[in-house]
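Along the sequence shown, residues are numbered consecutively beginning with 1. Keep in mind that the numbers below use all heavy atoms, side chains included, and drop hydrogens, waters and symmetry copies.
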Amino acid sequence: MASELFQMISVLLIVFSFPALSHGWGTDGHYIVCQIAQERLNDAAADTVNELLPDYAKNNLSSLCSWADRVKFIYTWSSELHYIDVPDDSCSYNYSRDCKDSNGVQGRCASGAITNYTTQLLSYRNSSDNRQYNLTQALLFLAHIMGDIHQPLHVGHTSDKGGNTIDVHWYTTNTVLHHVWDSSIIDTTEADFYSSDVTGYVDDLNQNITGKWSNQTSKWQGCSRNAIACPDIYASESISAACEWAYKDVTNGSELGDKYFNSRLPVVDLRLAQAGVRLAEILNRIFG
Ligand SMILES: [Zn+2]
């Protein structure tokens, strides 16, 4: 019954989905991350993911990768799980200092959410009668938040809300810095190099994963003490990239064009690829 209700709500949400308000990679960013991950699942993980996906999305995890953004207005408790705020004077991340929500509840941030949903998904091995979690939702939250935590400005400074209050011009369009990293760099890449088709972009990233980045992927996937996921590492990398690339040389009213685009695109490419490779590895470890 609960799962039927969930399925009905999900269908409604897809039909009546609203454009996301600058929270996390845009739809294409999340699609790319899940598409990379999906192609790297081992057989056991692919079967289990399929079993957890609703009927209308079988074999298509990437079609629901932005689901968590669309349910924020129903599950208002979940909106703070998409990001992490760090102090304005810091370019590093510290779990006990930074992973809390606006009420100070520890663990309620993107990194804590990844640990939580990973733990929930491990209970898949229990028999289906004594499962206490909705594992479809756990899967969709994990797949989405793994993308978000790799977007550098999702681990951004507190006072500017991860670049959401920094107005910039992206070529001729007025937007905010956060949105440049969620969507504009990706959209410009697709328009300039792939005839606005996301598939070509995914193919090129996959080629780099098995090509020029192939000697790095096992390091990306590695976690200390054989942990299943290591979200504190992903968060640390993001705030460091935010300082080094996203915020650098940008102030309110900055005009961002070719120079910014060409120097930051390699960072976006890398973060999308790392998110996809790591998501697959986490699911392979849980279900494999
Ligand atoms: Zn998000």
Side-chain angles (χ1 to χ4, degrees), residues 17-40 60-63 65-66 69 144 146-156 162-164 166-214 216-217 220 237-238 240-279:
S17 62
F18 296 91
L21 291 166
S22 229
H23 289 296
W25 297 113
T27 315
D28 278 12
H30 283 290
Y31 175 89
I32 291 166
V33 168
C34 281
Q35 195 64 35
I36 291 170
Q38 198 162 273
E39 294 173 25
R40 298 176 65 87
N60 201 358
L61 174 63
S62 41
S63 69
C65 224
S66 293
D69 274 336
H144 180 89
M146 275 299 289
D148 280 348
I149 203 170
H150 282 79
Q151 204 276 54
L153 285 177
H154 268 248
V155 190
N164 268 303
I166 302 176
D167 293 323
V168 296
H169 306 276
W170 179 252
Y171 293 90
T172 54
T173 311
N174 294 334
T175 183
V176 293
L177 184 63
H178 189 94
H179 187 262
V180 167
W181 283 79
D182 270 354
S183 301
S184 310
I185 296 175
I186 291 173
D187 291 347
T188 302
T189 302
E190 289 171 7
D192 285 5
F193 306 124
Y194 303 105
S195 317
S196 293
D197 175 25
V198 65
T199 322
Y201 193 11
V202 174
D203 289 346
D204 271 3
L205 289 172
N206 275 331
Q207 243 174 42
N208 286 339
I209 289 166
T210 52
K212 71 173 180 180
W213 292 322
S214 59
Q216 298 177 40
T217 51
W220 296 351
E237 293 167 348
S238 269
S240 153
C243 288
E244 195 177 345
W245 297 102
Y247 287 123
K248 184 143 192 281
D249 299 329
V250 178
T251 51
N252 221 20
S254 283
E255 298 194 4
L256 307 180
D258 283 347
K259 190 172 167 219
Y260 192 89
F261 173 59
N262 291 324
S263 52
R264 273 59 172 184
L265 175 56
V267 181
V268 170
D269 286 348
L270 183 71
R271 296 306 278 163
L272 290 170
Q274 288 177 324
V277 166
R278 284 165 166 166
L279 172 59

Determine the minimum heavy-atom distance between [X] and [Y], stating which atoms define it.
{"X": "Pro266", "Y": "Ser263", "result": "CD-O, 3.6 Å"}
{"X": "Leu153", "Y": "Tyr247", "result": "CD2-CZ, 3.6 Å"}
{"X": "Ser63", "Y": "Asn60", "result": "OG-O, 2.7 Å"}
{"X": "Ser238", "Y": "Ile149", "result": "OG-O, 2.7 Å"}
{"X": "Gly257", "Y": "Tyr171", "result": "C-OH, 3.4 Å"}
{"X": "Ala242", "Y": "Pro152", "result": "CB-O, 3.6 Å"}

* **Verdict with supporting geometry, Val250 and Val180, side chain to side chain contact (heavy atoms under 4.5 Å, CB included)** => CA-CA 12 Å; Val250 178; Val180 167; over 6 Å; no

Is there a donor-acceptor pair under 3.5 Å between the side chain of [X] and the backbone N or O of [Y]?
{"X": "Asn252", "Y": "Ile166", "answer": "no"}
{"X": "Thr210", "Y": "Asn206", "answer": "yes"}
{"X": "Gln38", "Y": "Ser62", "answer": "yes"}

* Determine whether Val198 and Ile32 make a side-chain contact, defined as any pair of heavy atoms from C-beta on separated by less than 4.5 Å. => yes

* Asked: Any side-chain heavy atom of His178 sitting closer than 4.5 Å to one from His154?
  -> yes

Could you pull out all donor-acceptor pairs under 3.5 Å where a side-chain atom in residues 185-192 meets a protein atom, sequence neighbours excluded?
from, atom 1, to, atom 2, distance (Å)
Thr188, OG1, Trp170, NE1, 2.9
Thr188, OG1, Ser184, O, 2.9
Thr189, OG1, Ile185, O, 2.7

* Decide side chain to side chain contact (heavy atoms under 4.5 Å, CB included) for Val176 and Val168; before the verdict, give the C-alpha distance in whole Å, the side-chain angles of both, and the deciding distance to 0.1 Å. => CA-CA 5 Å; Val176 293; Val168 296; 5.7 Å; no

Assess, by modelled atom type and distance only, whether the side chains of [X] and [Y] contain a donor and an acceptor separated by less than 3.5 Å.
{"X": "Asp197", "Y": "Ser195", "answer": "no"}
{"X": "His30", "Y": "Asp148", "answer": "yes"}
{"X": "Tyr201", "Y": "Asp28", "answer": "no"}

To the nearest 0.5 angstrom, please state how far the [atom1] atom of [X] sits from the [atom2] atom of [Y].
{"X": "Lys248", "Y": "Tyr260", "atom1": "NZ", "atom2": "OH", "result": "10.5 Å"}
{"X": "Gln274", "Y": "Leu205", "atom1": "CD", "atom2": "CG", "result": "11.5 Å"}
{"X": "Glu39", "Y": "Ile209", "atom1": "CD", "atom2": "CD1", "result": "9.0 Å"}
{"X": "His150", "Y": "Trp220", "atom1": "NE2", "atom2": "CH2", "result": "9.0 Å"}
{"X": "Phe193", "Y": "Leu265", "atom1": "CZ", "atom2": "CG", "result": "6.5 Å"}
{"X": "Ser66", "Y": "His144", "atom1": "OG", "atom2": "NE2", "result": "6.5 Å"}

* Worked verdict on His169 versus Thr175 for side chain to side chain contact (heavy atoms under 4.5 Å, CB included) -> CA-CA 6 Å; His169 306 276; Thr175 183; over 6 Å; no

* In sequence, state the C-alpha distance, the side-chain angles, and the governing distance for Asp204 and Tyr194, and then conclude on side chain to side chain contact (heavy atoms under 4.5 Å, CB included). => CA-CA 10 Å; Asp204 271 3; Tyr194 303 105; 2.7 Å; yes

* **All pairs passing salt bridge (charged side-chain N to carboxylate O under 4.0 Å, His left out) where residues 257-278 contributes a residue, at least two apart** => Glu237-Arg271, Glu237-Arg278

